[in-house]
2 protein chains.
Amino acid sequence: MTKKTIQGCCSVLVAPVEERDAEGLCLAFKALSDPARLRVLSLIASQPTGEVCACDLVAPIGKSQPTVSHHLKVLFEAGLVTKEKRGSWIWYRAVPERLAELRTALDPSPAFAAV
Amino acid sequence: MTKKTIQGCCSVLVAPVEERDAEGLCLAFKALSDPARLRVLSLIASQPTGEVCACDLVAPIGKSQPTVSHHLKVLFEAGLVTKEKRGSWIWYRAVPERLAELRTALDPSPAFAAV
DNA sequence: TCGGCATATCGATGGACGTCGATACCTTGC
DNA sequence: GCAAGGTATCGACGTCCATCGATATGCCGA
């Protein structure tokens, strides 16, 4: 009655790197798993100049300043944005390389097997 | 002292579609925001046959059967996998189109502005 | 029809997370 | 030095979530 005798059970291939890498990827995906944060990143990445001052994010997002600051911190710690202090203001930029990493991880072609 | 007089303040472009689409994308990213779930998806997608029986996922993931079942449900509801019942077993497959959607959303080229 | 296996659901629990007001820190202009 | 504004941190609160054991449902073979 076992499936093996009927279907020829699949030998689930467990990639050994999996467990460690999954943690790192999850940190990034977790950063994208909140609507407000996704919009923050979108606002930053869609700028013609490539950068946004933190103070200009509060109004469009519609959350309090501490909340936006918190989300920016999460994005920063996930490696999705960089910040640069200029005067009183802090400018945020998206990190294309990190985004490319995530896209690669979501590629169903052979590369995904290595996730 | 305002930034506008010094830097020429950025006019943060708010995409109107943003809020609605962010919710849909977040559902998928949230599904990927757990290490166990990421590994489940990886195991499914990396199969040569393209499909995996649910029963073969419990052992590699190292979580209880109800937990794995829960994770599969989340992935299914996020549109990342499909399931097909054959006899007593349920076979899961990845959904390449949905993965492609996410890759597109993470593209820093113009497309990302529409997220 | 019955026993066994695969899968899903339920209920409970401990921990993580989003949110905000209050507040502290730092920089700038006066 | 002082006042004002931008930003981060803190503490608290309510909610969501991952996890598991127990249990229900469904399918198959005997």
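Look at CG on A:Leu27: it is 14 Å from P on C:dA16, rounded to the nearest Å. Taking atom CZ of A:Phe29 as the reference point, atom C1' of C:dC17 lies 19 Å away to the nearest angstrom. Remark: P of C:dA8 and CG of B:Leu75 are 12 Å apart, rounded to the nearest angstrom. One interatomic measurement links the two molecules: CH2 of A:Trp89 to P of C:dC25, which rounds to 22 Å at whole-angstrom precision. Straight-line distance from the CD1 atom of A:Ile61 to the P atom of C:dG18: 14 Å, rounded to whole Å. Atom CD1 of A:Ile90 and atom P of C:dT28 are 12 Å apart (whole Å). The nearest whole Å value for the distance from the CG atom in B:Asp56 to the C1' atom in C:dC5 is 14 Å. We find that CD of A:Glu77 is positioned 11 Å from P of C:dC17, with the value rounded to whole Å.
Residues passing the side-chain contact (heavy atoms from CB on, under 4.5 Å) test with B:Lys83, sequence neighbours excluded: B:Phe76, B:Ile90, B:Tyr92. Residues forming a side-chain contact (heavy atoms from CB on, under 4.5 Å) with B:Thr82 (at least two apart in sequence, or on another chain): B:Arg93, B:Val95. A:Glu97 is linked by a side-chain hydrogen bond (donor to acceptor under 3.5 Å, both in side chains) to nothing, counting only residues two or more places apart in sequence or in another chain. With sequence neighbours excluded, the residues that form a side-chain hydrogen bond (donor to acceptor under 3.5 Å, both in side chains) with A:Arg98 are A:Glu101. Shown here are the side-chain contact (heavy atoms from CB on, under 4.5 Å) partners of A:Ala31, two or more places apart in sequence or in another chain: A:Val74, A:Leu75, A:Ala78, A:Leu80. Considering only residues two or more places apart in sequence or on other chains, A:His71 meets the side-chain hydrogen bond (donor to acceptor under 3.5 Å, both in side chains) condition with A:Arg37.
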Once base and sugar-phosphate atoms are separated, protein heavy atoms under 4.0 Å mark nucleotides 17-26 of chain D, 5' to 3', with B, S and - as SSBBBB---S
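Applying the 4.0 Å criterion to OP1 and OP2 of C:dT7, one finds that B:Lys73 has every side-chain N and O outside that range.
Once rounded to the nearest 0.5 Å, the distance linking CG of B:Asp56 with CD of B:Glu51 reads 11.0 Å.
Axis angle between the ends of the helix from C:dT1-D:dA30 to C:dC30-D:dG1, five pairs each and rounded to 10 degrees, works out to 30°.
When the nucleotides C:dA8, C:dA6, D:dT7 are ranked by their closest atom to the side chain of B:Cys55, C:dA6 comes out on top.
Every pair passing side chain to side chain donor-acceptor pair (under 3.5 Å) that includes a residue from residues 58-69 of chain B is listed here, sequence neighbours excluded: B:Ser64-B:Thr67.
Residue contacts shown for B:Phe76 are absent, as no nucleic acid heavy atom lies under 4.0 Å away.
In this structure, the side chain of A:Thr104 engages the main chain of A:Ala100 through a donor-acceptor pair within 3.5 Å.
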